Amino acid sequence: MTSRAPRVRFAPAPTGSLHVGSARSALFNWLYARAVGGTMVLRIEDTDTERNKPELIDGILRSLEWLGIDWDEGPIHQSERFDLYRDAAARLLAEGRAYLVDADDQEVVGDRLTAGLAVRYRVPDEGAIEFDDVIRGHVRFENANVEDPVIWRSNGTPTFLIANAVDDVDLGITHVIRGEDLLSSTPKVIHLRAALGHTVLPVYAHLPLLVNEKRQKLSKRRDDVALWDYRDQGYLPEAMANYLALLGWGPPDGVEVRPMDEIIERFRLEDITKSAAFFDRKKLDHVNGEWIRGLAVGDFVERCGPVLAEGPWPPGAFDATAFAEIAPLVQERVTTLDDVPGYVDWLFLDQAPIDDASWEKAMVKGPDAAGLLDDALAAFADVAWDAESLHACLLALGEARGLKLGKAQAPVRVAVTGRTVGPPLFESLALLGRERTLERVRAARARL
RNA sequence: GGCCCCAUCGUCUAGAGGCCUAGGACACCACCCUCUCAAGGUGGAGACACGGGUUCGAAUCCCGUUGGGGCUGCCA
């Protein structure tokens, strides 16, 4: 083992909240580092002082933590390292490898950084840059096709290109794992590294892009890209990370939904796919549902805390004990945490909510709603109040009218819970209690 | 337009010349289970973009075409 210990870096720019595509890049860097015992460096690319929003950095860090991604070094802020980039840019300029340009992009004579003037690195006319990308294979850019990159802005700040070239070397980065959208900037950075005296290249791995249904790169403008939004919509961090890992990579044994440590064990950079991957909400839902069902009940209850805290019931109406009892039945039915309140709201509301479509279906179009409710009212008055007895009771009421239980339970379900869909009815009634149940059945009967 | 990247079911992918009458997963359809809805079970439909090569043999290698995407900013 004479090779360098791998060092990777995730380098977000603080211009917005963490983007799912960026989160995926971070995840792949992290997976690689953890898989090979390497070092994960977090670097904040805040070279553009005009667009950079420092207040967003904390959110980005917390997003990574939420996903379960940690880092060994950093965050290193490029905004605190301008001296390094300034020295590099000044040196290239002094050596004649870069030149000054004015606001109209016209070359200006001079060999030192000058206020109000930007600096472009002069890419040679001849030759080409070639490198082997772990994912793409051999890539070659003719110098004639590479434009002279701006490395220093006229406002006295560096661009990411020079910062990249300097920092990747300075931080000893051995593997550059990032989105394919950065592929065409790679030859520029390689030129800069070489001009600064560093000819040994890091291993490059350009990840396939995440795209929308029209197969365009996921964009802040038109797509749901904020990682935070997924958290707010009730996706579990484990499910999100698990799903993200599946975009551009797949475990050799085909088992897709699994703990991250198992993914780390199987992750190999060279197994990453080349083509863009569609961010499929449907599959995310499936993965999330699997993760939710796999939670220990107590854990599930705990994670429901936030959505339950703002449920559609009066403040103080929430009953943690009652919820804990019905939680197992809810857990196996929801796909996101956000679905939970809709399954239990009737338990905490004073009266049954009324879902018009459900009412129409069970009370208007369904058979014998009035008769069934009357029968239930009478029978519920003194039936033993437990799920089993209630089940037998309603089954008998239905049979008396020639109805199967499926039909017979519908009016009661809607009367009590407001909807045709919900947790198992008899357990629900048992939990609600005789008085509240009778009250709701009476109210529904009166409303018919 | 120029440069670069990509191309297996609708989607995510397996496949690294014969194991492929192309496998799995999501979604979809049917059936089973069933107090609703889910979950679960069983089955089904569904793809190697096209054209040339190379080879005894190609989804797999090469070339071209077509299609899609990225970049083309004193953003990253």
Side-chain angles (χ1 to χ4, degrees), chain A residues 11-15 22 45-48 50-52 101-103 105 117-120 133 135-137 139-142 144-147 149-161 163-164 178-187 206 208-209 211 213-217 243 246-257 270-271 273-287 289-290 293 329-335 339 343 358 361-362 387 390-391 394-395 398 404-410 412-414 417 419-429:
Chain A
T15 53
S22 300
E45 304 227 314
D46 50 359
T47 56
D48 188 342
E50 289 178 18
R51 286 162 219 258
N52 167 32
V101 295
D102 62 21
D105 214 18
L117 296 179
V119 178
R120 279 187 187 274
D133 187 288
I135 300 169
R136 310 283 139 196
V139 183
R140 175 188 170 94
F141 288 86
E142 294 292 336
N145 293 321
V146 179
E147 296 178 332
V150 170
I151 58 175
W152 195 260
R153 299 190 188 88
S154 57
N155 68 358
T157 61
T159 63
F160 85 108
L161 293 163
N164 233 272
R178 26 123 82 146
E180 198 204 310
D181 49 346
L182 272 326
L183 186 58
S184 50
S185 76
T186 303
H206 285 93
L209 257 23
V211 299
E213 59 288 331
K214 291 156 89 173
R215 306 213 67 83
Q216 298 164 314
K217 180 171 78 161
Y243 177 62
L246 260 19
L247 260 19
W249 177 83
D253 60 7
V255 179
E256 299 184 316
V257 180
E270 54 272 35
D271 288 342
T273 304
K274 300 160 109 107
S275 47
F278 171 56
F279 186 89
D280 188 354
R281 176 79 70 127
K282 288 273 186 55
K283 179 125 183 187
L284 205 211
D285 282 344
H286 171 259
V287 173
E290 292 261 305
R293 290 190 291 280
L329 301 177
V330 174
Q331 182 178 4
E332 57 187 28
R333 289 174 166 73
V334 296
T335 62
D339 294 340
Y343 271 84
S358 293
K361 187 175 176 188
L390 287 163
H391 182 161
L394 212 43
L395 183 63
K404 294 196 171 183
L405 186 51
K407 292 288 184 189
Q409 56 92 42
V412 176
R413 178 185 292 281
V414 173
T417 72
R419 300 188 195 81
T420 53
V421 171
L425 182 61
F426 308 114
E427 283 78 358
S428 298
L429 299 184

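Computed from a prediction, not measured in an experiment: that's the story for all the values here. Below, all heavy atoms of this structure are taken into account, side chains as well, without hydrogens, waters or symmetry copies. Numbers restart at 1 for each chain; the letters A, B, ... are given by sequence-line order, proteins then strands.
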Sugar-phosphate only, base, or nothing, as touched by Glu45(A) at under 4.0 Å among non-hydrogen atoms:
sugar-phosphate
Is the phosphate of rG69(B) approached by Ser275(A) (side-chain N or O, under 4.0 Å from OP1 or OP2)?
no
All N/O contacts under 3.5 Å from nucleotides 31-35 of chain B to the protein, with atom names and distances to one decimal?
from    : atom 1 : to        : atom 2 : distance (Å)
rC35(B) : O2'    : Gln409(A) : OE1    : 3.4
rC35(B) : O2'    : Gln409(A) : NE2    : 3.1
rC35(B) : O2     : Arg413(A) : NH2    : 3.1
rC35(B) : N3     : Leu425(A) : N      : 3.4
rC35(B) : N4     : Glu427(A) : OE1    : 3.2

Nearest-nucleotide pick for Leu209(A), side chain only, options being rG70(B), rA38(B), rC3(B):
rG70(B)
So which nucleotide from rA25(B), rC37(B), rA76(B) ends up closest to the side chain of Glu256(A)?
rA25(B)
Atom CG of Leu161(A) and atom P of rC71(B) are separated, to the nearest Å, by 14 Å
Check: Thr420(A) main-chain N/O paired with Ser358(A) side-chain donor or acceptor under 3.5 Å
yes
Just checking Ala103(A): base, sugar-phosphate only, or nothing, at a heavy-atom cut-off of under 4.0 Å?
base
Could you check which nucleotide pairs with rC31(B) in any of the strands shown, counting Watson-Crick or G-U wobble with both distances under 3.5 Å?
rG41(B)
Check ion pair Asp339(A)-Arg333(A) (N to O, under 4.0 angstrom)
no
Select base, sugar-phosphate, or nothing to describe what Gly289(A) touches, counting heavy atoms under 4.0 Å on all strands.
nothing
Looking at every strand, decide which applies to Glu142(A) at a 4.0 Å heavy-atom threshold: base, sugar-phosphate, or nothing.
nothing
For the pair Glu180(A) and Arg136(A), find out whether any cationic side-chain nitrogen is under 4.0 Å from an anionic carboxylate oxygen.
yes
Compare the minimum distances between each of rG70(B), rA76(B), rC6(B) and the side chain of Gln216(A), then state the nucleotide with the smallest one.
rG70(B)
Atom pair CG (Leu117(A)) and CG (Asp102(A)), whose distance is rounded to the nearest 0.5 Å:
7.0 Å
Reckon Arg140(A) has a side-chain N or O less than 4.0 Å from the OP1 or OP2 of rC4(B)?
no
Under a 4.5 Å cut-off applied to non-hydrogen side-chain atoms, are Arg178(A) and Thr186(A) in contact?
yes
Between rA76(B), rC4(B), rG70(B), spot the one nearest the side chain of Ala13(A), thanks.
rA76(B)
Over 60° means perpendicular and under 30° means parallel, so classify the ring planes of Phe426(A) and His391(A), tilted if in between.
parallel
Write down the partner of rG57(B) under the Watson-Crick or G-U wobble criteria, each distance required to be under 3.5 Å.
none
Would you classify Thr15(A) as touching base, sugar-phosphate or nothing, given that sugar-phosphate means primed atoms plus P, OP1 and OP2, and contacts are heavy atoms under 4.0 Å?
nothing
Whole-Å distance between rC5(B) C1' and Asp181(A) CG?
11 Å
Nucleotide nearest Glu290(A) (side chain, heavy atoms from C-beta), chosen from rG73(B), rG40(B), rG70(B)
rG40(B)
Using a 4.0 Å heavy-atom cut-off, does Asp102(A) contact any base of the nucleic acid, only the sugar-phosphate backbone, or nothing at all?
base
Atom C1', compared across rC9(B) and rU65(B): separation rounded to whole Å
24 Å
Could you work out the separation of rG64(B) and rA22(B) based on their P atoms and round it to a whole Å?
31 Å
Could one point to a donor on the side chain of Arg136(A) or the base of rC5(B) with an acceptor on the other under 3.5 Å away?
no
Using whole Å, report how far CD1 of Ile135(A) lies from C1' of rA16(B).
16 Å
Answer with base, sugar-phosphate or nothing: what part of the nucleic acid does Thr335(A) contact at a heavy-atom distance below 4.0 Å?
nothing
Check for a donor-acceptor pair, side chain of Tyr343(A) on one end and backbone N or O of Gln331(A) on the other, with a separation under 3.5 Å.
no
Of the listed nucleotides rA25(B), rC6(B), rC3(B), the one nearest the side chain of Asn145(A):
rC3(B)
Answer with base, sugar-phosphate or nothing: what part of the nucleic acid does Phe278(A) contact at a heavy-atom distance below 4.0 Å?
sugar-phosphate
What does Ile151(A) touch in the nucleic acid at a heavy-atom separation under 4.0 angstrom: a base, only the sugar-phosphate, or nothing?
nothing
Quick check: any donor-acceptor pair below 3.5 Å linking the side-chain of Arg281(A) to the base of rU11(B)?
no
Mind checking the C1' distance from rC31(B) to rG23(B)? Whole angstroms is fine.
24 Å
Nearest-Å distance for atom pair CG/C1', residues Asp339(A) and rA39(B)
14 Å
Work out how far the C1' atom of rA30(B) is from that of rG46(B), and round it to whole angstrom.
15 Å
Return the CG to CG distance between Leu425(A) and Leu329(A), rounded to the nearest 0.5 Å.
11.5 Å
Closest-nucleotide 5' rank along RNA chain B - winner of Gly422(A) and Arg51(A)
Gly422(A)
Proximal nucleotide (of rC4(B), rC5(B), rG40(B)) relative to the Phe141(A) side chain:
rC4(B)
Rounded P spacing from rC12(B) to rG69(B) in Å
14 Å
Taking atom C1' in both rG40(B) and rC5(B), what distance in whole Å separates the two?
43 Å
Work out how far the C1' atom of rC6(B) is from that of rU21(B), and round it to whole angstrom.
29 Å
Distance check, C1' atoms only: rU11(B) and rG2(B), in whole angstrom units.
33 Å
Side chain of Ser154(A) (C-beta onward), nearest among rA76(B), rG70(B), rC74(B):
rC74(B)
Ranking rC37(B), rA25(B), rU13(B) by distance to the side chain of Ala277(A), first place goes to rU13(B)
Rounded to the nearest Å, what distance is computed from the CD atom of residue Glu147(A) to the C1' atom of nucleotide rG1(B)?
13 Å
Looking only at side-chain atoms of Lys283(A), point me to the closest of rA7(B), rC12(B), rA38(B).
rC12(B)
Pair Ser275(A)-Arg215(A), side-chain donor/acceptor within less than 3.5 Å
no
Please state how far atom CD in Glu180(A) lies from atom P in rC5(B), giving the value in whole angstrom units.
9 Å
First locate atom CD of Glu270(A), then atom CD1 of Ile135(A), and finally report the distance between them rounded to the nearest 0.5 Å.
9.5 Å
Measure NZ/Lys274(A) against C1'/rC6(B) and give the value in whole Å, please.
9 Å
Between Leu183(A) and Lys282(A), who's closer to the 5' end of RNA chain B by nearest nucleotide?
Leu183(A)
From Val150(A), Asp48(A), Thr47(A), Val119(A), residue fulfilling side chain to side chain contact (heavy atoms under 4.5 Å, CB included) relative to Pro158(A):
Thr47(A)
Does rG10(B) have OP1 or OP2 under 4.0 Å away from a side-chain N or O of Arg215(A)?
no
Atom pair distance, as rounded to whole Å: OH in Tyr343(A) and P in rU36(B)
13 Å
